[in-house]
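Below, read A as the first sequence line, B as the second, and so on, with proteins coming before strands; counting in each chain starts at 1. Heavy-atom basis, side chains included; hydrogens, waters and symmetry copies ignored.
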Amino acid sequence: MSFSLATWNINSVRLREPIVLKLLGEEAPDVLCLQECKSPVDKIPLEGFQALGYTHMVARGQKGYNGVAILSKIPMIEAGAEDFAQLGHARHIAGRLENGVTIHNHYVPAGGDVPDRDVNEKFGQKLDYLTDMRDAFRASAPEKSILVGDLNIAPREDDVWDHKKLLKIVSHTPIEVDHFNQVMEAGDWHDVTRADIPEGLLYSWWSYRAKDWDAADKGRRLDHVWATGDIKAAAHSSRVLRHARGWEKPSDHAPVFATFDL
DNA sequence: ATGGTCGTTGCACGA
């Protein structure tokens, strides 16, 4: 069985229902993981998704902030939702497909502007969220699992438009990258996107504040697809759907895709 | 060094 998957920070699933439908219609991933739905679960506009064959959903939501959902054409059951760092936020949901693969969908806290937990509580919450993820994977090793989401960290030099300029900018600081790598190591997670696209600048997010995001191209790779070691060889065909950043009323993130032959 | 843009909500805050 082969299935394709996409992860996309949608920045309001209700406002952007039209481009979610566009993505599902044009690219037809079997599974779509969304972050920043900014909606209670019962207000997610399901009808159009269902009409396109996405008849399964697991989600956590809250009014106005955060929120994660997994839409699937493949039968899927909920496989847990955790409140890492005990923030009381809807930032994680897991689903299990009928082929036994578990998908974790995360929206890691952005972390505020100042990369110092003593003066910026949000930065501490981000680090604590990642530490809790690490400890959960140490306590229970994930198998046959995929982890996706807006992890709000660009770990590599070629995941940002200017490594040196961003070393003190939240999302690319050494302490965040260290926490990120500890999560990966604890769960035997492997970076599917970079296994498929090992060389070159690669971004999934461009700020709304740039005058011309495409020409300036000051992006960061904040959105990730990981797989556990037991299924990493099944992954291929990774890509970032960059042109979705230029759609009508876009999200500031582009969808990231991968395919798994399992 | 600064300001720049969105979305949701309620008359700011988070990203």
For [N], take OP1 and OP2 only and decide whether either is under 4.0 Å from a side-chain N or O of [X].
X	N	value
A/Arg16	B/dG7	yes
A/Lys249	B/dG7	yes
A/Ser207	B/dG4	no

[X] [atom1] to [N] [atom2]: how many Å, rounded?
X	N	atom1	atom2	answer
A/Ile10	B/dC6	CD1	P	15 Å
A/Trp206	B/dC6	CH2	C1'	17 Å
A/Gln35	B/dG7	CD	P	17 Å
A/Gln62	B/dG7	CD	P	19 Å
A/Glu17	B/dT8	CD	P	13 Å

In whole Å, what separates the [atom1] atom of [N] from that of [M]?
N	M	atom1	result
B/dT9	B/dG4	P	25 Å
B/dA12	B/dA1	P	29 Å
B/dG3	B/dT8	C1'	22 Å
B/dG10	B/dC6	P	23 Å
B/dT2	B/dG7	C1'	23 Å

Between A/Tyr129 and A/His106, is any pair of side-chain heavy atoms under 4.5 Å apart?
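SC-SC contact between A/Tyr129 and A/His106 confirmed.
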
Using a 4.5 Å cut-off on heavy atoms from C-beta on, say whether the side chain of A/His253 contacts that of A/Asn11.
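They are not in side-chain contact.
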
Donor + acceptor pair across side chains of A/Gln35, A/Thr7 (<3.5 Å)
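Short answer, yes.
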
A quick test of your reading: do over 12 heavy atoms of other residues, nucleotides or ligands sit less than 6.0 Å from CD of A/Glu47?
no

Distances under 3.5 Å between nitrogen or oxygen atoms of protein and nucleotides 12-15 of chain B:
from   : atom 1 : to       : atom 2 : distance (Å)
B/dG14 : OP2    : A/Lys122 : NZ     : 3.3
B/dA15 : N6     : A/Arg209 : NH2    : 2.6
B/dA15 : N1     : A/Arg209 : NH2    : 3.0

Using a strict cut-off of less than 4.0 Å between a Lys/Arg side-chain nitrogen and an Asp/Glu carboxylate oxygen, indicate whether A/Glu78 and A/Arg60 qualify as a salt bridge.
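Salt bridge flag = yes for A/Arg60 with A/Glu78.
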
I'd like to know if A/Asp158 and A/Arg194 make a salt bridge, using a cut-off of under 4.0 Å between side-chain N and carboxylate O.
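So A/Asp158 pairs with A/Arg194 through a salt bridge.
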
Give A/Lys211 one of three labels, base, sugar-phosphate or nothing, depending on what nucleic acid heavy atoms sit under 4.0 Å from its own.
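Nothing: the residue A/Lys211, judged by heavy atoms under 4.0 Å, touches no strand.
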
Would A/Arg221 and A/Ser204 satisfy side chain to side chain donor-acceptor pair (under 3.5 Å), going step by step from the backbone distance to the final call?
CA-CA 5 Å; A/Arg221 189 171 70 102; A/Ser204 64; over 6 Å; no

